[in-house]
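One structure is given here, and the rest of the page talks about it.
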Amino acid sequence: MYKQYFIIFFSFFLSLLLHYLIFTNFNYKLNQNYTKKGSNTITNSNPTTNIKFVKLKSLEKSNQVKKKRKAVLQNTDLIKKVKTISLPKEISKVKTLKTLFTLSKTDQVNKVLEQDNHLNEYKESEELEKLDEITKSYIKLYELQYQDLSLFQKNYIKKNISTIGKITQQYLKYPSISIRTNQQGTNIVEFTLHPNGDISNLTISDSSKYSSLDKNTIKTIKIAYKDYPRPKEPTPVKIYVNYILY
């Protein structure tokens with residue numbers, strides 16, 4: 001009877017011992033596997049501290065990611081502000097620069113034109129000074145109108161106006177009634193001379209104060225114009241006609 005109890009007790013003790021050994025061996029293997037996995041970043045042997053340390057690292061990484069995201073968002077906000085604010089200002093500056101550039105171009109052109117006009121006026125004045133006194137006296141009748149004439153018209157007048165005056169004086173006959181009444185004076189007549197030799201708009205712009213003398217001047221022009229030199233384009237002609245008794 002005691003032998004049976006001893007055998008049962010002994011077998012129970014062996015089973016407990018075997019279970020204990022198996023459990024301790026399994027737990028040791030688990031610890032070794034865990035320490036191998038965390039050996040690259042963790043040197044502490046305590047598994048609980050390792051887990052806490054890993055959690056702290058993950059939190060730091062998450063904070064770094066959040067900071068990067070904030071920086072990216074700030075950069076995107078800055079880019080949006082630049083797009084919405086700075087670009088229109090730059091475009092407006094470019095527009096103002098373009099307008100200033102075009103204005104400067106027009107100013108330069110105007111300056112060049114002014115210089116050309118001054119040069120032309122200077123040359124014109126020099127040419128007028130070289131003319132004879134009779135031609136100068138005829139050109140004075142045009143006053144400001146002379147500056148508005150074309151080059152062809154000006155050249156024609158400078159070359160031919162005194163000839164027109166001479167031809168007119170050659171055809172001029174003193175009216176008998178004016179001789180009897182001792183009428184003397186000067187009238188200014190103007191008309192347009194055309195390339196075909198015709199005349200138009202014949203008028204007395206300044207009267208001699210005697211109607212007989214004025215009418216005689218119109219009559220004389222209507223006869224003498226056929227001998228006038230012809231211009232290349234319609235040209236206004238202004239001459240004076242003198243009536244003097246000797």
Side-chain angles (χ1 to χ4, degrees), residues 106 108-246:
T106 54
Q108 288 177 0
V109 170
N110 289 329
K111 285 181 180 179
V112 170
L113 290 174
E114 286 178 1
Q115 290 176 356
D116 290 338
N117 289 330
H118 287 306
L119 287 172
N120 291 329
E121 288 177 1
Y122 180 74
K123 289 179 181 179
E124 186 69 29
S125 62
E126 283 188 340
E127 290 179 359
L128 291 174
E129 287 297 325
K130 294 177 182 179
L131 297 174
D132 59 275
E133 294 300 323
I134 296 174
T135 303
K136 288 180 185 178
S137 63
Y138 283 122
I139 291 175
K140 286 181 182 178
L141 299 176
Y142 288 87
E143 296 179 349
L144 296 176
Q145 184 185 359
Y146 185 80
Q147 300 299 326
D148 296 330
L149 300 177
S150 67
L151 291 175
F152 290 110
Q153 291 172 336
K154 287 180 180 179
N155 290 329
Y156 175 82
I157 290 169
K158 286 185 286 188
K159 291 178 181 179
N160 300 292
I161 194 69
S162 61
T163 303
I164 293 172
K166 288 178 182 179
I167 293 170
T168 305
Q169 288 295 140
Q170 289 173 1
Y171 279 91
L172 187 64
K173 291 181 180 180
Y174 218 107
S176 58
I177 190 173
S178 299
I179 295 172
R180 288 196 303 268
T181 56
N182 198 22
Q183 294 178 1
Q184 298 184 86
T186 301
N187 54 25
I188 298 171
V189 61
E190 61 182 43
F191 54 90
T192 302
L193 184 61
H194 297 274
N196 62 355
D198 293 337
I199 60 173
S200 61
N201 303 322
L202 178 59
T203 56
I204 298 292
S205 58
D206 192 3
S207 176
S208 63
K209 298 180 182 180
Y210 296 102
S211 60
S212 59
L213 295 178
D214 293 341
K215 289 178 181 179
N216 187 67
T217 298
I218 295 294
K219 181 180 178 181
T220 303
I221 296 293
K222 288 181 179 180
I223 298 170
Y225 81 91
K226 295 177 182 179
D227 294 336
Y228 293 159
R230 298 182 181 183
K232 292 182 179 179
E233 61 182 53
T235 303
V237 175
K238 287 187 178 184
I239 58 173
Y240 53 83
V241 179
N242 292 320
Y243 291 91
I244 301 172
L245 290 172
Y246 298 100

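Values reported hereafter were calculated over all heavy atoms of this structure, with side chains retained and with hydrogens, waters and symmetry mates removed.
- Side-chain atoms of Asn242 and Thr186 include a donor-acceptor pair closer than 3.5 Å.
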Residues Thr220, Val241; criterion side-chain contact (heavy atoms from CB on, under 4.5 Å); working and verdict: CA-CA 10 Å; Thr220 303; Val241 179; over 6 Å; no

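- Around the CG atom of Leu151, the shell of radius 6.0 Å holds no more than 12 heavy atoms that belong to other residues, nucleotides or ligands.
- Ser208 and Gly185 get closest at one heavy-atom pair: CB-C, 4.3 Å.
- Annotation: side chain of Glu190 is not in contact with side chain of Asn201 (no heavy-atom distance under 4.5 Å).
- Using a 4.5 Å heavy-atom cutoff, the side chains of Gln147 and Lys154 are in contact.
- More than 12 heavy atoms of other shown residues, nucleotides or ligands fall within 6.0 angstrom of atom CD1 in Ile179.
- In this structure, the side chains of Asn160 and Tyr228 stay at 4.5 Å or more apart for every pair of heavy atoms.
- Using a 4.5 Å cut-off on side-chain heavy atoms (C-beta onward), His194 and Pro234 make contact.
- Side-chain contact check for Leu149 versus Tyr156: every heavy-atom pair is 4.5 Å or farther apart.
- Contact of the Asp227 side chain with the Tyr171 side chain is registered, since non-hydrogen atoms from C-beta on lie closer than 4.5 Å.
- Looking at Pro236 and Gln145, their side chains come closer than 4.5 Å, going by heavy atoms from C-beta outward.
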Under the side-chain contact (heavy atoms from CB on, under 4.5 Å) criterion, do Arg180 and Ser176 qualify, and how do the steps go? CA-CA 6 Å; Arg180 288 196 303 268; Ser176 58; 3.8 Å; yes

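- The shortest distance between side-chain heavy atoms of Asn216 and Tyr243 falls below 4.5 Å.
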Does the pair Lys158 and Ile139 meet the rule for a side-chain contact (heavy atoms from CB on, under 4.5 Å), with working shown? CA-CA 8 Å; Lys158 286 185 286 188; Ile139 291 175; 4.0 Å; yes

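- Side-chain atoms of Thr135 and Asp132 form a donor-acceptor pair, as typed in the model, at a separation below 3.5 Å.
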